[in-house]
Amino acid sequence: MTTKDKYKKVAYYPGCALEGSGHSYNRSTKAVGKALGLDLVEVKNWNCCGAMEVKNVDPKLQTYLSSRVMSVAANEMDMDVVMAPCNGCYHNLKKAEYDLKNDSESVAVVDRLSKKAGHKTYESGQVETIHALDWIKDTIGEEGLAARVKNSLSGLKIANYYGCMYTRPRHIFPEKDKGPGSESTSKPHFMDDLLAAAGAENVDFPLKTACCGGAHTLSDSDISTKLVLNILKTAKLAGADVIATECPTCHSGLEMHQIRAEKTLGEKVDIKILYFTQLLGMALGLKAKKVGVHENISDSIKFLKAKGLG
Amino acid sequence: MPIHEKSLIRPENLETHDNLVIDGVDVSGHWSTFIKTRVVSDYNETLQEEISALPGGEEIHRCWQCGSCTNACTVNEVNPDFNPRYWIYLIRMGMESELLRDKDIIWQCVSCNKCTYACPRDVFPEGVMKATAHWLERKGHTPKSPSTHFDEVFTEQVLKTGKIEESRTMRRFFARTKQKLLQPWMIEMVKQMINGLPVGMLTRMGLATLIAPRTSDWSKASAAMQEYIDEQHEKQEQALSLAELVETAKNDVAA
Ligand code: SF4
Ligand code: SF4
């Protein structure tokens with residue numbers, strides 16, 4: 001089976017954020033999958049991967065939580081690929097995979113907790129975890145996408161923002177930095193590639209993998225606001241009208257602190273923030289509502305209408 | 001020969017003379033500022049071991065002091081006093097009192113892992129920052145940081161229900177850190193959020209706060225994880241000699 005076929009039907013792990021603040025990412029991911037004829041089967045009775053918090057209480061607890069999701073996909077659903085659109089979930093599943101392959105202590109803890117919890121222990125290698133970007137890029141690809149575009153994104157200037165957890169730390173992503181065709185951890189480009197195929201103009205954005213302070217969005221809001229403000233301003237300076245995102249934490253962080261910067265620092269940056277799946281969905285001819293634009297915090301509807309989208 | 005860097009040029013270590021003649025040469029003015037000699041005698045020889053006993057701190061001994069972590073650091077860019085390389089140096093030297101000067105900012109690490117990406121020695125500085133922040137709290141040098149409160153509220157909810165319902169986690173966090181939930185920027189955010197949302201969606205969100213999403217058949221997993229957390233906590237207390245400390249304090253009071 002080629003990668004192309006293998007990813008056509010995947011176990012879908014939305015994670016907690018996509019059922020709450022990131023619901024529009026959930027909606028648009030499913031809508032894009034449907035429009036492209038890709039099959040998503042939600043992981044049964046899934047649990048939280050541990051997000052950015054549980055590891056600070058104990059890293060191995062996070063490994064266990066993530067491993068349980070993979071165990072359900074492999075042992076109860078007989079799936080061999082898990083697709084997670086959230087950078088946090090994607091990162092944690094990858095991290096768990098790495099630790100279970102390389103660290104015997106993690107294996108022992110996960111085995112012990114799995115047995116006590118009453119399910120099969122996940123063994124490294126049972127599933128492959130991919131991001132929504134890999135999923136579309138490897139099944140449909142740029143050419144396939146370009147051929148399906150009904151509403152070109154031409155005229156949209158986009159800064160692609162990938163954040164921290166999609167590329168760092170690099171040792172948990174052994175498939176990246178493997179030369180042509182693979183994703184780069186220093187200058188990621190999968191989202192750029194897909195949006196360009198849909199007609200958008202990507203601006204040269206130096207802060208693709210900068211941090212939005214998402215881990216402290218509430219516990220240290222001032223730092224988060226400063227970091228987000230820098231990202232927004234730099235994107236604007238680079239000539240972008242839209243920041244495309246691929247992570248619910250980054251996305252809400254940018255939206256929240258865009259407002260907070262205006263309210264607390266008097267700094268207003270007029271730039272739209274949209275999930276890449278929302279942009280792709282509209283390029284494929286879906287209405288703005290179908291991809292949840294109305295569920296975002298900031299209002300992009302008028303802007304998109306003016307560009308002939310949605 | 002260790003370089004005691006920043007600590008040497010603090011105002012309290014400097015001595016300035018308006019009129020100074022040394023060996024018959026007048027060095028007043030520009031050349032009249034001297035760094036006082038200083039003897040450090042309060043080393044904590046087990047500091048590095050204590051930090052490495054906490055999760056994330058395990059690899060601290062590998063550090064070469066190249067500075068790549070600080071150079072790449074997100075928070076350092078916003079606050080130059082946030083200096084992972086320097087703190088690793090102080091910990092490895094056992095210079096606890098110097099470390100304590102920065103105790104209130106160490107928890108501000110945003111876990112972006114830029115340091116981990118840049119580090120040539122696989123020290124995992126991000127983990128060292130977490131271990132150090134936890135060490136400060138466990139030893140009573142700092143109160144629990146807002147970040148630790150958030151981690152705890154979050155983990156409690158995962159243990160209880162298997163999933164996170166964001167608004168509940170948020171409300172609990174604000175309650176525990178005694179902050180007002182409805183800060184002006186949040187009100188504005190909620191206003192913008194509700195604007196344009198269909199009624200069905202609002203009902204769904206409302207329901208989610210009432211009937212929190214749960215993973216079913218979760219109680220055994222939850223109990224196993226709680227048992228594991230308690231065990232780890234116990235081990236770490238021993239490594240930090242905290243039990244001993246409490247015992248000594250008790251005896252002191254009794255005596
Ligand atoms: S990058 Fe690594 S080796 Fe260099 S100073 Fe930082 S922790 Fe030490
Ligand atoms: S993880 Fe923490 S210490 Fe490392 S670069 Fe980011 S903010 Fe700095």
Side-chain angles (χ1 to χ4, degrees), chain A residues 16-17 19-21 23 45-48 50-61 64-65 68 109 112-113 115-119 164-165 167-171 185 209-211 213-216 218-221 223-224 226-227 255-256 259-260 262-264 294-299 301, chain B residues 55-56 74-75 78-79 107-114 116-117 122 124 126-127 130 134 145-152 154-155 158 162-167 170 173-174 177 184-185 188-189 192-193 195-198 201 205 208 213 215-218 220-221 223-225 227-229 232:
Chain A
C16 306
E19 296 209 324
S21 56
H23 192 260
N45 192 32
W46 52 263
N47 56 275
C48 170
M52 282 176 288
E53 285 77 12
V54 175
K55 80 159 192 8
N56 296 334
V57 170
D58 193 289
K60 292 196 178 63
L61 219 52
Y64 164 69
L65 287 166
R68 182 187 173 276
V109 172
R112 174 184 140 188
L113 294 178
K115 289 210 168 96
K116 288 199 172 170
H119 59 81
C164 300
M165 290 186 292
T167 56
R168 285 191 300 269
R170 91 184 105 200
H171 65 270
T185 58
T209 65
C211 177
H216 287 171
L218 295 174
S219 46
D220 195 5
S221 302
I223 285 204
S224 300
K226 272 188 203 158
L227 296 174
E255 288 200 314
M256 274 168 68
I259 294 171
R260 194 169 183 275
E262 191 183 338
K263 286 276 153 190
T264 60
H294 57 298
E295 291 173 340
N296 292 356
I297 299 176
S298 57
D299 188 5
I301 305 246
Chain B
T74 298
V75 179
V78 181
N79 177 6
W107 69 274
Q108 289 180 323
C109 160
V110 288
S111 292
C112 68
N113 270 314
K114 290 208 163 192
T116 311
Y117 192 94
D122 291 342
F124 300 106
E126 185 268 342
K130 288 291 164 200
H134 287 148
S145 72
S147 169
T148 299
H149 279 300
F150 195 77
D151 295 337
E152 290 180 355
F154 192 100
T155 306
V158 174
K163 289 184 181 176
I164 286 297
E165 195 280 296
E166 292 158 327
S167 70
M170 236 160 100
F173 166 69
F174 280 101
T177 50
W185 64 277
E188 180 61 31
M189 191 181 81
Q192 292 199 22
M193 211 160 82
N195 215 332
L197 274 187
M201 175 77 189
M205 280 165 60
T215 309
S216 56
D217 198 16
W218 188 245
K220 279 189 283 174
M225 286 190 285
E227 183 191 64
Y228 175 74
I229 295 177
Q232 292 302 310

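In what follows, chains are A, B, ... by sequence order, proteins preceding strands, each numbered from 1. Below, each value reflects all heavy atoms present in this structure, side chains not excepted, and no hydrogens, waters or symmetry copies.
Chain A forms the most heavy-atom pairs under 4.5 Å with one residue out of B:G162, B:G127, B:S216, and that residue is B:S216. In terms of non-hydrogen atom pairs under 4.5 Å with chain B, the most contact-rich of A:H171, A:K116, A:K115 is A:K116.
Across every non-hydrogen atom of A:C211 and B:T74, the tightest pair is CB-OG1, 3.8 Å. Here the shortest heavy-atom pairing between B:M225 and A:L113 reads N-CD2, 4.0 Å. What you find for A:R68 and B:W218 is that their closest heavy atoms are CD-CZ3, 3.6 Å. When all heavy atoms of B:C112 and A:C164 are compared, the pair lying nearest together is CB-SG, 3.5 Å.
Residues meeting the side-chain hydrogen bond (donor to acceptor under 3.5 Å, both in side chains) test with B:T148, sequence neighbours left out: B:E137, B:S145. For A:V54, the side-chain contact (heavy atoms from CB on, under 4.5 Å) partners two or more places apart in sequence, or in a different chain, are A:L61, A:Q62, A:L65, B:F154, B:T155, B:V158.
With a 4.5 angstrom heavy-atom cutoff, B:I164 touches chain A via backbone and side-chain atoms both. For B:H149, no part lies under 4.5 angstrom from a heavy atom of chain A. Contacts between A:H119 and chain B at a heavy-atom distance below 4.5 Å are absent for every atom of the residue. At a 4.5 Å heavy-atom cutoff, A:S224 makes no contact with chain B through either its backbone or its side chain.
A tilted orientation is assigned to the rings of A:H216 and B:W107, their planes being inclined by 30° to 60°.
A donor-acceptor pair under 3.5 Å is absent between the side-chain atoms of B:T215 and the main chain of A:N45, judged by distance alone.
You'll find the side chain of B:Q232 stays beyond 4.5 Å of the side chain of A:K60, heavy atoms only. Looking at heavy atoms from C-beta onward, B:F150 lies out of side-chain contact with A:M52 at the 4.5 angstrom threshold. No side-chain heavy atom of A:M165 sits under 4.5 Å from any side-chain heavy atom of B:N113.
Note: A:I223 CD1 to B:N79 CG = 7.0 Å, rounded to the nearest 0.5 Å. With rounding to the nearest 0.5 angstrom, the OH atom of B:Y117 is 2.5 Å from the OG1 atom of A:T185. To the nearest 0.5 Å, atom NE2 of residue B:H134 and atom CG of residue A:N56 are 5.5 Å apart. Summarising the geometry, atom OG belonging to B:S111 is positioned 11.0 Å from atom CZ belonging to A:R168; distances are rounded to the nearest 0.5 Å.
Ion pairing between a basic and an acidic side chain is recognised when a charged N comes within 4.0 Å of a carboxylate O; B:E126 and A:K55 show such pairing.
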